[in-house]
Amino acid sequence: MTEHATAVAHAPFSPVTVHVGDVDRWSKTIIPTLRDAPAEATTPSHQLLLRAGYIRQVAAGVYDYLPLAWRSLRKISQIIREEMNAVGGSEMLMPAMAPREIFDQTGRAEDYGDDLFQLTDRHGRATVLGPTHEEVITDFLRHAVTSYRQLPLILYQIQSKFRDEVRPRAGLLRGREFIMKDAYSFHLAVEGKGGLDETYDAMFRAYSNVFARCGLDFTAVEAEAGPIGGSASHEFMVNCETGEDTILRCPVSGYAANVEKCEIGARAWSFEGNADAPLTKVNTPNMPGIEGVAAHLGVTAADMLKTVVLEPAPGVESGGIDWVLAVVRGDHEVNEGKLRDAVGFKVVLADEKRARAAGFAIGYVSPLSGALTAGKSVVVVDPDAAQGNTVWATGADVPDHHVTGFNWSREMAAALADSSYVKVAEIRNAMVGDPSPRESGAVLVEQRGIETGHIFKLGCKYSDAMGFHVMDETQKRHSVIMGCYGIGVSRTMAACVEMSHDDSGMIWPASIAPYHVHIVLMKPNDAEHAAVAEQLSAQLSTAGLDVLIDDRKERPGVKFKDADLIGMPIRLTIGAKALEAGGVECKARSDPGKGEMVPMDQVLERCLSTLTT
RNA sequence: CAGGGUGUAGCUCAGCUUGGUAGAGCACCUGCUUUGGGAGCAGGAUGUCGCAGGUUCGAAUCCUGUCACCCUGACCA
């Protein structure tokens, strides 16, 4: 029979009852490996994905997924499908493009700003490429769901998303077009059976399952939840030194959070100071940063107060407050989320021009300058910036000058008594070594991670904005309560490479490896060797394993190097040596050795046991 | 967006200072030899030197502009 045999007659329908693995040949697909890493790649996963022939760049942050990558992505997607379906999700597919109008309705066109890909069609209609699909799905469901009886409902899709990131980077780790699983849940209530909390918790477990099944070492952390809901957001971080996110963890209680969200254990504070150093003005011209000023003053950054001027975010109700002064210790960073919670409205860094016009000596601001706008400003002091007995250095409220000997109780006695003017609250980012918020005596430790998943209690933000209501059993109208749950599928693949590789190449976990077994055919022209490969791969695929046969007419060294590079979990080498002994050479990719001879009738068993341990 | 860097063959890069027929290694094609960790020999093919202007008898090289890509920062799956 020739390769071009006449078409096989297929039955109209034949249910698949057993899973049969794929058998592919290197010579029939394309795996363009590179000897040298392309110059533009600096991150391990980016370099390896390029070198091993998984991806090619099309434009900044936009990539082709070549056959190997697509196989892995499909496996990750399948794991996600199984876990989403297990919690009652239904898969669907929404379009990538949508009318801008619905993003205007929720205000997200503005929130996303330039990150939103926008285009105009031939009729002049404003159109966007979806960064996520809350609007699209809410727009659909507000027409399709009319009764509480249809809830709860969980829908998801796996699709390319578009975000015009300011700076795409590190290959697939941050692209402008990327593959994402986005799920949305809809509820009548937050609590109780069928409520948001129940689904959120189920999703948390499903996400844990997904990442565990993908063979990833990960940590679930509390994340910044935005303006809607307290502890209602978690991120799933793949633990990896090269990750761009910082998470803090309490080794005793297990508490873990994104640095942006991480709480800090209680600290004593006091405005009382018994230091008698006088308040002294010092000329500090052209001092670049707080470190420079501190050095000039002969103190450390931790002896200084940093006063940051912020203002209410556009459009928020601030109760007549025009300026928010955040005071933290000089070596600390203001956390805008915590500050928002402290003052009760969202704040943004003040527009420098306006702040100067209002009298703030930007760069030299002290807590005293809040008085410049009496009745219209509030000063929020971090506990670490109010420690008794400390004499602070801070700005002098005039350009090019700082003061030393700042004493809270002496300098601001009257103001401190007015709790509506001066508040003390935790408003800084947590740092390694800070006290744990959950276990007294424990301190936070730091680790790096790659955010691959994020789950979120949305509440009614979108349903309110878009008018998605249902009637409950008492004929009362309710805004539908929503949750949303994202996984960066392409990022997950890259994170896996980032986490699991060595000097020679990738090391895939069995569950998401493009192929389970990589057969290196030493002599592809030798009929006997080819027959053994044929027979072995048939046996392996019948058992459900995916097999790649390297049948190229290349020298052994080239094939071994490429096998290491593309990183399949098991390599079987078919060569004269082992065949004479009645077997093939079997080597696990994660095993540093040279592999060992396995008798032919034990190869399948060996593969299965290697893959499942 | 600000700061920094790079654009020359499929990949890594040299050539540019001081203008004069566009190069190397690897990869690719043909042949021979070789065949268990990126082989050897011989022959061959490969480029609008990112693009557009300008200066010049002559521009990869000098000048101007522009585009693309990468890296460092605030956001995010």
Side-chain angles (χ1 to χ4, degrees), chain A residues 32-43 46-47 50-51 53 56-62 76 80 111-116 130-133 158-183 207 210-211 223-224 226 233 235-238 243-245 258 260 333 336 348-349 449-456 484-495 504-505 520-526 529 552-565 571 573-579 584-585 587 594-595 597:
Chain A
T33 57
L34 300 170
R35 189 176 292 229
D36 305 305
E40 74 261 19
T42 54
T43 314
H46 190 191
Q47 288 183 339
L50 286 166
R51 273 194 66 207
R56 282 295 184 269
Q57 183 173 50
V58 176
V62 180
I76 296 169
I80 293 172
D111 289 350
Y112 259 93
D114 290 336
D115 278 8
L116 195 62
T132 61
H133 280 63
I158 297 172
Q159 181 205 45
S160 288
K161 291 289 186 281
F162 300 85
R163 293 184 195 173
D164 198 358
E165 295 280 350
V166 180
R167 190 156 90 77
R169 109 168 74 148
L172 260 33
L173 285 178
R174 174 189 307 230
R176 295 193 299 163
E177 175 176 339
F178 57 96
I179 300 173
M180 180 177 177
K181 184 283 299 182
D182 46 324
Y207 270 48
V210 165
F211 295 119
E224 173 57 43
S233 178
E235 289 167 338
F236 290 78
M237 300 282 193
V238 170
E244 52 181 346
D245 286 279
N258 192 308
E260 296 152 17
E333 293 292 327
E336 289 182 17
V348 294
L349 208 56
I450 300 168
E451 181 192 353
T452 52
H454 198 163
I455 60 177
F456 210 101
C484 73
Y485 318 89
I487 292 178
V489 179
S490 44
R491 181 184 277 182
T492 297
M493 178 176 74
S504 301
V520 174
L521 207 42
M522 300 297 285
K523 295 188 174 183
N525 287 337
D526 184 306
H529 291 202
R552 292 176 299 168
K553 294 175 183 60
E554 288 287 351
R555 294 175 57 81
V558 173
K559 294 186 173 187
F560 289 140
K561 288 285 185 190
D562 276 345
D564 288 344
L565 186 57
R571 187 185 81 196
T573 305
I574 297 179
K577 271 188 197 171
L579 283 184
V584 297
E585 181 192 292
K587 177 186 176 302
K594 285 266 179 190
M597 209 283 289

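Order of the sequence lines fixes the chain letters, A, B, ..., with proteins taken first and strands second; residue numbering starts at 1 for each chain. Only this structure's heavy atoms are used, side chains among them; waters, hydrogens and symmetry mates stay out. None of the values given here were measured: they were computed from a predicted structure.
Among the atoms of the strands shown, none is found under 4.0 Å from any heavy atom of A:Asp182.
Side-chain N/O atoms of A:Arg167 include one lying less than 4.0 angstrom from OP1 or OP2 on B:C71. Close to B:U35, at under 4.0 Å from its OP1 or OP2, lies no side-chain N or O of A:Arg555. Dashed line: the shortest gap from a side-chain N or O of A:Arg35 to OP1 or OP2 of B:G38 is not under 4.0 Å.
Listed by chain and residue number, A:Val238, A:Ile450, A:Thr452 satisfy the side-chain contact (heavy atoms from CB on, under 4.5 Å) test with A:Ala495 (two or more places apart in sequence, or in another chain). A:Glu244 is linked by a side-chain hydrogen bond (donor to acceptor under 3.5 Å, both in side chains) to A:Arg169, A:Arg174, counting only residues two or more places apart in sequence or in another chain.
Side-chain N/O atoms of A:Arg491 and base N/O atoms of B:C76 include a donor-acceptor pair closer than 3.5 Å. At a cut-off of 3.5 angstrom, counting only N and O atoms as typed in the model, there is no donor on one side facing an acceptor on the other between the side-chain of A:Arg51 and the base of B:C11.
Taking a centre distance below 5.5 Å and an interplanar angle below 30 degrees as the stacking criterion, A:Phe560 does not stack against the six-membered base ring of B:G38.
A donor atom on one side chain and an acceptor atom on the other are found under 3.5 Å apart for A:Asp562 and A:Thr33.
Pair assignment for B:C62 gives B:G54, based on Watson-Crick or G-U wobble hydrogen-bonding distances that are each under 3.5 Å. When Watson-Crick and G-U wobble pairs are counted only if both distances are under 3.5 Å, B:U30 pairs with B:A42.
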